[in-house]
Amino acid sequence: MKVLLVPQGNRAVLIRLDEDGSPSGGSSPAEEVTDDLVGSVAAIEREHAPRWVWEDTSRIYPRLLDGGVRVRRCHDLALVDAILAMRTGRTTVPSTPADLRPGLFDADPQADPVAVLADYRRQNEEIGDDRALQLLAAAESAGSLAAAEMTFDGLPFSAAAHRRHLDAMLGARPVDGSTPPALVKLENEISSAFGRRVNPGSPAEVVAAFARAGIELTSTRAHMIRDIDHPAVPLLLRHRDLSKLHSTNGWAWLDAWVRGDRFRPVYVPGAVVSGRWASRGGGGLQIPKPLRASVIADPGHTFVAADAGQLEPRILAAMSGDPRMVAAAGTADLYAPVAAESFDGDRARAKVAVLGVLYGATSGEARSLLTRLRARFPEAVAVVEEAARAGERGEVVRSWLGRACPPPPPQWWSTGDAHARGRFTRNFVVQATAAEWALCLLADLRGRLWSSRSELVFFQHDEVVVHCPLDDAPWVAEAVAAAADSATRLMFGDTAVRFPMETRIDRFYGAPAAEPDVESESD
DNA sequence: AGAGTAGGCGCC
DNA sequence: AAAGGGCGCCTACTCT
């Protein structure tokens with residue numbers, strides 16, 4: 001069962017739909033107007049658990065969450081339209097940007113239920129019996145529900161622990177919002193080292209200061225200056241570090257984004273062209289490692305944090321069906337068999353080669369490694385190289401489930417960098433497919449956690465974090481593994497490629513001790 | 001004063 | 001270890 005929902009202020013129009021998207025009940029459409037939006041949805045969800053069809057989850061769902069109502073499934077017309085429009089090259093204004101203030105809701109533009117219904121039926125027609133596209137639409141929509149719920153629930157975050165960290169690193173918080181003591185001290189020391197006043201935050205001033213010391217720089221980036229023998233260098237690097245902490249995740253950030261020991265970034269599904277989520281405000285998807293020590297579970301609770309190791313190479317293996325690459329991706333460490341096949345067992349080289357082929361590395365060494373990779377894994381390499389060549393010709397490429405990349409801008413044809421475009425399309429096919437796999441995992445896991453005491457609290461490209469009562473952790477860990485398996489079957493059928501989840505159960509999200517062995521990398 | 005760009009950093 | 005893809009966010013600085 002499906003129900004079209006068109007909110008109009010506190011009222012809403014509800015239309016029951018058959019599977020094909022036509023209104024139920026034939027000549028007398030099952031249309032209903034309610035002035036209790038939240039109550040009506042709750043009742044229908046309880047009884048039928050339909051797929052809700054609505055214009056924009058990010059605008060509608062926060063109201064339901066505020067009212068204590070959650071729904072299992074939906075079809076987000078805006079997100080699906082963005083996918084369909086990109087596929088056909090329809091020029092659309094990138095639709096309405098999501099309402100970035102969850103909980104706040106302005107008056108609805110008076111949406112016309114008839115027009116919304118027509119949109120849905122047009123989308124259904126366009127999707128047709130393309131199973132991949134059906135899956136993509138469902139996964140994208142499920143993701144929109146998860147995103148709204150994660151913003152609503154928030155990530156458990158100890159403000160006190162973070163304050164202690166800030167105090168230890170920056171000194172006591174200045175009451176007037178001025179520069180923290182540790183930064184003032186470093187600024188003075190840097191100036192002393194250069195023999196005159198230098199603002200370490202100004203690349204131009206730093207370049208000039210080094211020039212006066214007889215050191216010519218084209219950039220002041222950390223890796224450029226790290227090995228320079230000058231007393232100001234370590235001070236500058238330290239200043240960069242602390243200054244970043246202060247400006248990006250300092251006290252002001254804490255005040256703005258953490259309330260009630262929950263960090264609530266706004267997630268924006270589909271905002272990245274590859275289908276990855278973006279986040280707006282607070283740096284939700286760029287939580288620096290040091291900050292994660294303050295992500296602490298509630299009393300009696302813990303985190304189950306799982307990430308898909310070596311996701312993109314495994315995706316390439318599954319997409320290509322390359323027998324040797326599939327075999328390599330059937331093991332716990334994909335790089336080891338690749339190393340054995342092509343690089344005399346040199347795992348580091350194998351990894352450089354594989355990442356290089358995914359990203360389109362151009363440096364000298366990567367090229368020769370690529371040749372060796374191609375010799376033993378020709379079909380895997382061909383998948384990305386064909387995508388790269390298509391990009392260089394100015395063509396559009398698609399992910400496994402059918403998400404299209406944007407076309408080159410009009411002026412590209414005269415002035416564009418063909419190789420850059422090739423690198424983009426090369427990476428797109430893999431990154432976008434990886435995003436689809438992760439979205440399928442998220443959707444499936446969300447279903448498994450439905451009506452449990454566990455909540456999804458974080459999702460970042462290839463990683464998911466569940467906050468749950470201590471006793472539930474083993475069960476949740478199993479659910480994550482099962483969800484990964486479901487995602488794999490949904491997308492790739494009975495492939496021999498494995499997508500192992502590296503799962504940690506810990507009250508602290510920031511795993512302090514570096515793992516002694518194997519993978520510390522993300523890809 | 002506000003918008004836009006570049007440099008820098010950090011997340012996957 | 002970096003490189004190559006995708007992002008967001010901060011500061012400095014320039015343009016309008």
Side-chain angles (χ1 to χ4, degrees), chain A residues 100 179 183 198-208 217-227 236-237 239-250 252-253 256-257 265-268 270-292 307-313 315-316 348-349 351-370 384 387-388 391 397 399 405-406 417 419-435 438 458-464 510 520-523:
Chain A
L100 299 180
T179 310
L183 289 177
V198 172
N199 175 6
S202 166
E205 280 191 41
V206 173
V207 167
L217 294 175
T218 53
S219 149
T220 67
R221 296 171 118 103
H223 65 89
M224 296 283 293
I225 65 174
R226 179 152 290 136
D227 296 327
L236 277 169
L237 294 176
H239 185 276
R240 287 253 174 88
D241 216 28
L242 293 184
S243 167
K244 181 82 176 173
L245 173 66
H246 175 241
S247 63
T248 305
N249 297 109
W253 174 86
W257 293 101
V266 177
Y267 301 98
V268 193
V272 179
V273 290
S274 65
R276 281 181 172 183
W277 291 8
S279 68
R280 299 284 149 75
L285 295 184
Q286 294 99 233
I287 307 174
K289 291 270 164 66
L291 224 70
R292 300 182 184 190
D307 70 283
Q310 305 172 339
L311 177 58
E312 294 190 356
I315 289 289
L316 177 60
R349 277 225 162 69
K351 183 177 169 184
V352 170
V354 170
L355 294 182
V357 81
L358 292 175
Y359 293 139
T362 52
S363 71
E365 161 138 48
R367 282 215 121 96
S368 64
L369 295 181
L370 175 60
V384 285
V397 296
S399 69
C405 78
D417 177 345
H419 287 106
R421 175 82 189 165
R423 284 194 298 274
F424 166 65
T425 52
R426 167 196 294 266
N427 184 253
F428 178 92
V429 293
V430 176
Q431 187 184 117
T433 304
F458 196 57
F459 171 64
Q460 183 181 40
H461 311 318
D462 61 356
E463 177 178 18
V464 25
S520 62
E521 74 265 19
S522 56
D523 291 301

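Each chain gets a letter, A, B and so on, in the order the sequences are listed, and its residues count up from 1.
- Of all heavy-atom pairs between P406(A) and R421(A), the closest is O-NH2, 2.8 Å.
- No donor-acceptor pair closer than 3.5 Å links the side chain of T220(A) to the backbone N or O of P203(A).
- Using a 4.0 Å heavy-atom criterion, one finds that G356(A) contacts no nucleic acid atom at all.
- Distance check: H246(A) NE2 to N249(A) CG gives 11.5 Å after rounding to the nearest 0.5 Å.
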Between the protein and nucleotides 5-8 of chain C, which nitrogen or oxygen pairs come in under 3.5 angstrom?
residue: dG5(C); atom: OP1; partner: R423(A); partner atom: NE; Å: 2.7
residue: dG5(C); atom: OP1; partner: R423(A); partner atom: NH2; Å: 3.4
residue: dG5(C); atom: N2; partner: R276(A); partner atom: NH1; Å: 3.4
residue: dG6(C); atom: O4'; partner: Q431(A); partner atom: NE2; Å: 3.2
residue: dG8(C); atom: OP1; partner: R280(A); partner atom: NH2; Å: 3.4
residue: dG8(C); atom: O4'; partner: Q286(A); partner atom: OE1; Å: 3.2
residue: dG8(C); atom: O4'; partner: Q286(A); partner atom: NE2; Å: 2.9

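- V430(A) and I315(A) make their closest contact through O-CG2, 4.0 Å (heavy atoms, listed as atom of the first residue, atom of the second, distance).
- Between the CG atom of L242(A) and the P atom of dG10(B) there is a distance of 11 Å, rounded to whole Å.
- Regarding R221(A), its CZ atom lies at a distance of 13 Å from the P atom of dA2(C), rounded to whole Å.
- Listed here is the closest heavy atom pair of Q460(A) and Q286(A): NE2-N, 4.1 Å.
- Atom CD1 of I287(A) and atom P of dC11(B) are 10 Å apart (whole Å).
- Taking atom CH2 of residue W277(A) and atom P of nucleotide dC12(B), one finds them 16 Å apart after rounding to whole Å.
- Here the side chain of E205(A) pairs no donor or acceptor atom with the backbone of V198(A) at under 3.5 angstrom.
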Can you pull every protein N or O that's under 3.5 Å from an N or O on nucleotides 13-16 of chain C?
residue: dC13(C); atom: OP1; partner: S202(A); partner atom: OG; Å: 2.6

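- W253(A) places a side-chain N or O within 3.5 Å of a backbone atom of G282(A) that can act as its donor or acceptor partner.
- When heavy atoms are screened at a 4.0 angstrom cut-off, R426(A) is found touching no nucleic acid atom at all.
- Side-chain atoms of T248(A) do not come within 3.5 Å of backbone N or O of L245(A) as any donor-acceptor pair.
- The nearest whole Å value for the distance from the NE2 atom in H419(A) to the C1' atom in dA3(C) is 16 Å.
- Distance L311(A) CG to dC11(B) C1': 16 Å, rounded to the nearest Å.
- R426(A) meets the salt bridge (charged side-chain N to carboxylate O under 4.0 Å, His left out) test with no other residue; sequence neighbours excluded.
- Rounded to an integer number of Å, the gap from CG of L236(A) to P of dG7(B) is 18 Å.
- One finds a side-chain N or O of S219(A) lying less than 4.0 angstrom from the OP1 or OP2 phosphate oxygen of dG8(B).
- Straight-line distance from the NZ atom of K351(A) to the P atom of dA2(C): 11 Å, rounded to whole Å.
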